[in-house]
Amino acid sequence: MNEPYRILGVDPEAPMRTVRRAYRTLKRKYRPGRFGEKELNALAKERKRQIENAYREIRLLRAGRELPASSAPQPTFPMENVDFTLYDRVRDLLARDLWGDAEKELKAAPISLRNAEWYFLMGQTLRKKSYFLDAQRMMEIACRIEPENGEYKSTYDALKTETKGYGGGYRLSTPGSGDFLECCGACCCEGCAEGCCEAGCEVICEGICSGF
Amino acid sequence: MLGYVRTEAGELRMREYESYRALYCGLCRRMGKCTGQCSRLTLSYDFVFLAALRYSFQKEVPVYQKKRCLLHPLKPRLMAEGSAALDYCANASALLSYNKCLDDCNDERGWRRLRAHLARLLLRSAYKRAKRKYPALDAAIHGHMERLSAYELSPDGIPSADTPAAIFGDLMAEVFAEGLEDGERRIASEIGRAVGHWIYLADAADDLCEDQKKKRFNPLLLLFQTDLTAESLEDVKCSMLGQLMRGERALQLIDSFSTPEIKEIICNILYLGMPSRAERILKETAQKMNLTQEDKT
């Protein structure tokens, strides 16, 4: 019975006020027309309907009434219809680095069934293919559809931060020294680069960068 | 090739900078010799990067000499003497420039098309000479260019900026790897692929504002459609760095560089020159399109 709470992203014990606030925020988020792409708009619409159903269900539950058969949440959002084995298969292919096959499988899925997980896995596939920009876009869409999903968010953030520090290993001009010593080139932390050439490299590097 | 692949000159040592300049001047001279005087007009710094890599792959050591040239008749300049690497770059430059003109003749409108036609006429003899030497490379470039314009005309599937960029990457992979064997071929291909991908995205970001106004094809507009924000441009920057990291991984597999200067030039371009160039392009684009950090919210 926690499903509607999961959809709204609130704790089952949360007061009604919090539930209402979450419902309104989410509804605003998925308002039609906010998403440029046709495909995304359809997804947002489905998601909005799902949120509305969840909210109605919670209200009825909290009022102590049984859920009338007709208002039971319909499996409207693609997530419910999706062939889960497809995603398991894709995850397995990605784990084995067979991204070409994973991409084929994902592209074969009908557009109406493309949900957050589809975008997430497509993002993972494109990342393996070195299509980093498309991958970021797919992850962004996945995060937008399911903002509460930790896996999507952390993968998207990792994708954005993994290029940070690129070029840091290059010999930059440092006053008073010709080349970096070997250990300075290997370490990237600030403390190390600063103190390195002045007082006993090894000691400082071990002290600061152990486990680097 | 549009002059995006350059060094961060301030971080080069004097002797490295001199070699860089000497390669540039040497390439210009070889272009005159190999493909005719007209082709010298298309000289760009991008090919110095290719030349530096080819010196290493072809195991040649550049020889420098002071010479005068048409543009600098008074003061002699240090120039790299003719070599297989430089001659290859001169030919590749002619093939690429001509194919680019051919592509522009079909795609562009108005005075840009006229300009492309004029350039095509000017470069025709250079192209013929280069094609005679490298017919397979010309066919490959032509094939990839056609694939690219077909995609640009009717992009199908999921909106993607990396698909056309990867096609251009494949094209550059051919250019970088022509005539090399085995391991070296694979390393050169991978660097070429990454650099080509990067150049395509850099060019797309550079033209973003103008393409939006004139409703022309731009892969970034295709990908982001209506949600183009400052954060999207940040994503573009990250993905471009991702491409460079790909190139860097391949670069680390090269056993030996022909001289330490050549190595430094290559590393400087890949580690500093290209990222800072990308940053500048994206900053300018954000300014032109009035995208500020507030859009992030």
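All chains are named by letter (A, B, ...) in the order of the sequence lines, taking the proteins before the strands, and each is independently numbered beginning at 1. Computed over heavy atoms, backbone and side chain alike; hydrogens, waters and symmetry mates excluded.
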How long is the span from the OG1 atom in B/Thr163 to the CG atom in A/Leu126, to the nearest 0.5 Å? 8.0 Å

Tell me whether the count of non-hydrogen atoms from other residues, nucleotides or ligands lying under 6.0 Å of CD in A/Glu13 goes above 12. no

Other residues, nucleotides and ligands only: do more than 12 of their heavy atoms fall within 6.0 Å of CZ on B/Arg147? yes

Can you tell me which portion of B/Leu201 sits under 4.5 Å from chain A's heavy atoms? Options are side chain, backbone, both or neither. side chain

Expected output: side-chain B/Gln243 to main-chain A/Ser130 donor-acceptor under 3.5 Å: yes

Are more than 12 heavy atoms from other residues, nucleotides or ligands located less than 6.0 Å from atom NZ of A/Lys153? no

Minimal heavy-atom distance between B/Asp162 and A/Tyr131, with the atoms involved, is OD2-C, 2.9 Å

Region of A/Glu162 that comes under 4.5 Å of a non-hydrogen atom in chain B: backbone

A/Asp134 side chain to B/Ser160 main-chain N or O, any donor-acceptor pair under 3.5 Å? no

Of all heavy-atom pairs between B/Ala161 and A/Leu133, which one has the smallest distance, and what is that distance? CB-CD2, 3.9 Å

Treating B/Asp235 as the side-chain partner and A/Arg137 as the backbone partner, does any N or O pair qualify as donor plus acceptor under 3.5 Å? no

Around A/Arg24, counting heavy atoms of other residues, nucleotides and ligands shown, do more than 12 lie under 6.0 Å from its CZ? no

Please rank B/Leu220, B/Leu241, B/Val236 by heavy-atom pairs under 4.5 Å with chain A and give me the top one. B/Leu241

With side-chain contact (heavy atoms from CB on, under 4.5 Å) as the criterion, how do A/Lys160 and B/Glu231 come out once you've worked through the C-alpha distance, each side chain's angles and the decisive distance to 0.1 Å? CA-CA 11 Å; A/Lys160 284 176 126 182; B/Glu231 203 173 358; 2.9 Å; yes

Heavy-atom distances under 4.5 Å only: say whether A/Lys107 touches chain B with side chain, backbone, both or neither. side chain

Does any heavy atom of chain A fall under 4.5 Å from the side chain of B/Glu264, the backbone, both, or neither of them? both

A/Met16 atom CE, neighbour heavy-atom count above 12 within 6.0 Å: yes

Other residues, nucleotides and ligands only: do more than 12 of their heavy atoms fall within 6.0 Å of NZ on B/Lys263? no

Greatest number of heavy atom pairs closer than 4.5 Å to chain A - which of B/His197, B/Glu8, B/Arg193, B/Met245: B/Met245

Quick one: NZ on B/Lys237 to OG1 on A/Thr163, what's the gap to the nearest 0.5 Å? 8.5 Å

Taken to the nearest 0.5 Å, the spacing of B/Glu248 CD from A/Tyr166 OH works out to 5.0 Å

Enclosure of A/Arg96 CZ (heavy-atom neighbours >12, cutoff 6.0 Å): yes

